[in-house]
Amino acid sequence: QVQLVESGGGWVQPGGSLRLSCAASRGTLPTYNIAWFRQAPGKEREGVSWISYGNDLTFVADAVKGRFTISREYAKMTVFLQMNSLKPEDTATYYCAAMKDLRWDRWKEASEYDYWGQGTQVTVSS
């Protein structure tokens with residue numbers, strides 16, 4: 001059993017930056033493939049970015065490409081999402097999720113993930 005904990009959310013003005021963190025409060029995070037999803041009110045949960053275990057293969061959704069970067073530090077057992085040039089449309093609750101098997105071709109499918117965190121709120125407004 002893996003329990004994921006997100007942190008780093010908050011309020012920021014358009015054009016600002018935030019860095020989200022995803023850590024395992026129980027279990028081991030380094031052996032999982034990790035994704036960040038987000039969900040805005042009234043919208044479906046969408047995949048934002050994904051990083052594999054081991055070779056650190058990454059994917060980024062088109063909506064955030066060039067602005068968001070996913071990374072992981074194995075020593076800290078943490079996955080990060082660096083978010084730059086934030087826009088009001090980035091406002092959402094951000095979740096990290098862990099995928100045990102390497103199903104990179106389905107990284108955007110929420111049903112493929114084994115564990116989820118509780119989410120952290122990101123609000124971008126002036």
Side-chain angles (χ1 to χ4, degrees):
Q1 185 76 15
V2 176
Q3 288 187 339
L4 303 177
V5 180
E6 303 96 336
S7 61
W11 173 82
V12 64
Q13 292 185 333
S17 299
L18 286 173
R19 189 173 82 154
L20 305 183
S21 299
C22 173
S25 64
R26 187 169 68 184
T28 177
L29 185 63
T31 59
Y32 285 78
N33 307 290
I34 302 295
W36 286 96
F37 282 76
R38 67 185 182 185
Q39 188 167 21
K43 294 189 176 181
E44 292 189 356
R45 191 168 295 191
E46 63 173 346
V48 174
S49 192
W50 180 92
I51 187 166
S52 68
Y53 160 66
N55 61 358
D56 291 353
L57 174 68
T58 62
F59 293 102
V60 182
D62 288 343
V64 303
K65 195 165 292 183
R67 301 187 296 121
F68 290 12
T69 303
I70 192 170
S71 62
R72 66 194 302 165
E73 291 190 19
Y74 289 92
K76 295 182 180 180
M77 295 190 293
T78 302
V79 173
F80 302 99
L81 184 68
Q82 178 67 44
M83 306 187 296
N84 299 327
S85 302
L86 283 160
K87 305 175 180 180
E89 52 262 44
D90 295 319
T91 295
T93 301
Y94 284 71
Y95 302 88
C96 67
M99 171 194 284
K100 181 61 176 177
D101 297 326
L102 185 61
R103 299 185 290 268
W104 58 267
D105 56 330
R106 296 181 59 79
W107 75 268
K108 290 184 179 180
E109 301 296 328
S111 60
E112 296 290 340
Y113 291 83
D114 302 287
Y115 303 103
W116 290 83
Q118 293 299 307
T120 185
Q121 178 66 36
V122 171
T123 302
V124 185
S125 72
S126 54

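Computation of the quantities below employed the complete heavy-atom set of this structure, encompassing side-chain atoms and omitting hydrogens, waters and symmetry-equivalent molecules.
- Under the 30°/60° scheme for interplanar angles, the aromatic rings of Trp107 and Phe59 are found to lie parallel.
- Under a hydrophobic clustering in which Ile, Leu, Val, Met, Phe, Trp and Tyr are joined whenever their side-chain heavy atoms come within less than 4.5 Å, directly or via other members, Phe37 and Leu20 fall into different clusters.
- Neither side chain, Ser52 nor Asn33, offers a donor N or O lying under 3.5 Å from an acceptor on the other.
- In this structure, Gln118 places its CD atom where only 12 or fewer heavy-atom neighbours from other residues, nucleotides or ligands lie under 6.0 Å away.
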Does Leu4 form a side chain to side chain contact (heavy atoms under 4.5 Å, CB included) with Trp116? I'd like the steps, not just the answer.
CA-CA 6 Å; Leu4 303 177; Trp116 290 83; 5.6 Å; no
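- No side-chain heavy atom of Ile51 sits under 4.5 Å from any side-chain heavy atom of Trp36.
- Formation of a donor-acceptor pair under 3.5 Å by the Thr91 side chain with backbone atoms of Val124 is found in this model.
- For the 3.5 Å distance criterion, the side chains of Glu73 and Thr78 fail to qualify, holding no donor opposite an acceptor.
- Between Thr93 and Thr120, the closest side-chain pair of non-hydrogen atoms is not below 4.5 Å.
- By the neighbour-count criterion of 12 heavy atoms within 6.0 Å, atom CH2 of Trp104 is sparsely surrounded, having that number or fewer from other residues, nucleotides or ligands.
- Minimum interatomic distance between Tyr113 and Ala35 (heavy atoms only, all atoms of both residues): OH-CB, 3.2 Å.
- A donor and an acceptor atom, one from each side chain of Thr58 and Trp50, are nowhere located under 3.5 Å apart.
- Atom CD of Glu44 sits in a sparse spot, with 12 or fewer heavy atoms from other residues, nucleotides or ligands closer than 6.0 Å.
- To the nearest 0.5 Å, atoms CD (Glu6) and OH (Tyr95) are separated by 8.5 Å.
- Residues Gly54 and Tyr74 share a closest heavy-atom pair of N-OH, 2.8 Å.
- Residues Pro14 and Ser126 have side chains in contact (heavy-atom distance under 4.5 Å, counting atoms from C-beta outward).
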For Arg38 and Glu46: C-alpha separation, side-chain torsions, deciding distance, then whether salt bridge (Lys or Arg N to Asp or Glu O under 4.0 Å) applies.
CA-CA 6 Å; Arg38 67 185 182 185; Glu46 63 173 346; 2.6 Å; yes
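- Here the rule is side chain to side chain contact (heavy atoms under 4.5 Å, CB included) with Tyr94, and of Gln39, Gln121, Met83 only Met83 fits it.
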Show your reasoning for whether side chain to side chain contact (heavy atoms under 4.5 Å, CB included) applies to Val2 and Asp114.
CA-CA 9 Å; Val2 176; Asp114 302 287; over 6 Å; no
Verify side chain to side chain contact (heavy atoms under 4.5 Å, CB included) between Ile34 and Met99, making sure each step is shown before the conclusion.
CA-CA 6 Å; Ile34 302 295; Met99 171 194 284; over 6 Å; no
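- A cation-pi contact links Arg19 to Phe80, judged by a cut-off of 6.0 Å to the six-membered ring centre and 45° from its axis.
- Although no hydrogens or angles enter the test, the distance criterion places a donor-acceptor pair under 3.5 Å between the side chain of Arg103 and the main chain of Glu112.
- No donor-acceptor contact under 3.5 angstrom links the side chains of Tyr32 and Asp101, judged on distance only.
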Verdict with supporting geometry, Gln82 and Ser17, side chain to side chain contact (heavy atoms under 4.5 Å, CB included):
CA-CA 8 Å; Gln82 178 67 44; Ser17 299; 4.0 Å; yes
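- Nearest heavy-atom pair, Ala92 versus Ala40, reported as atom, atom and distance to 0.1 Å: CB-N, 3.8 Å.
- Of the residues listed (Val64, Thr69, Ile70), the one engaging Ser49 in a side chain to side chain contact (heavy atoms under 4.5 Å, CB included) is Ile70, and it is the only one.
- Asp90 has no carboxylate O lying under 4.0 Å from a charged side-chain N of Lys87, or vice versa, which leaves the two without a salt bridge.
- Each of Leu102 and Tyr53 belongs to its own hydrophobic cluster when Ile, Leu, Val, Met, Phe, Trp and Tyr are linked at side-chain heavy-atom distances under 4.5 angstrom.
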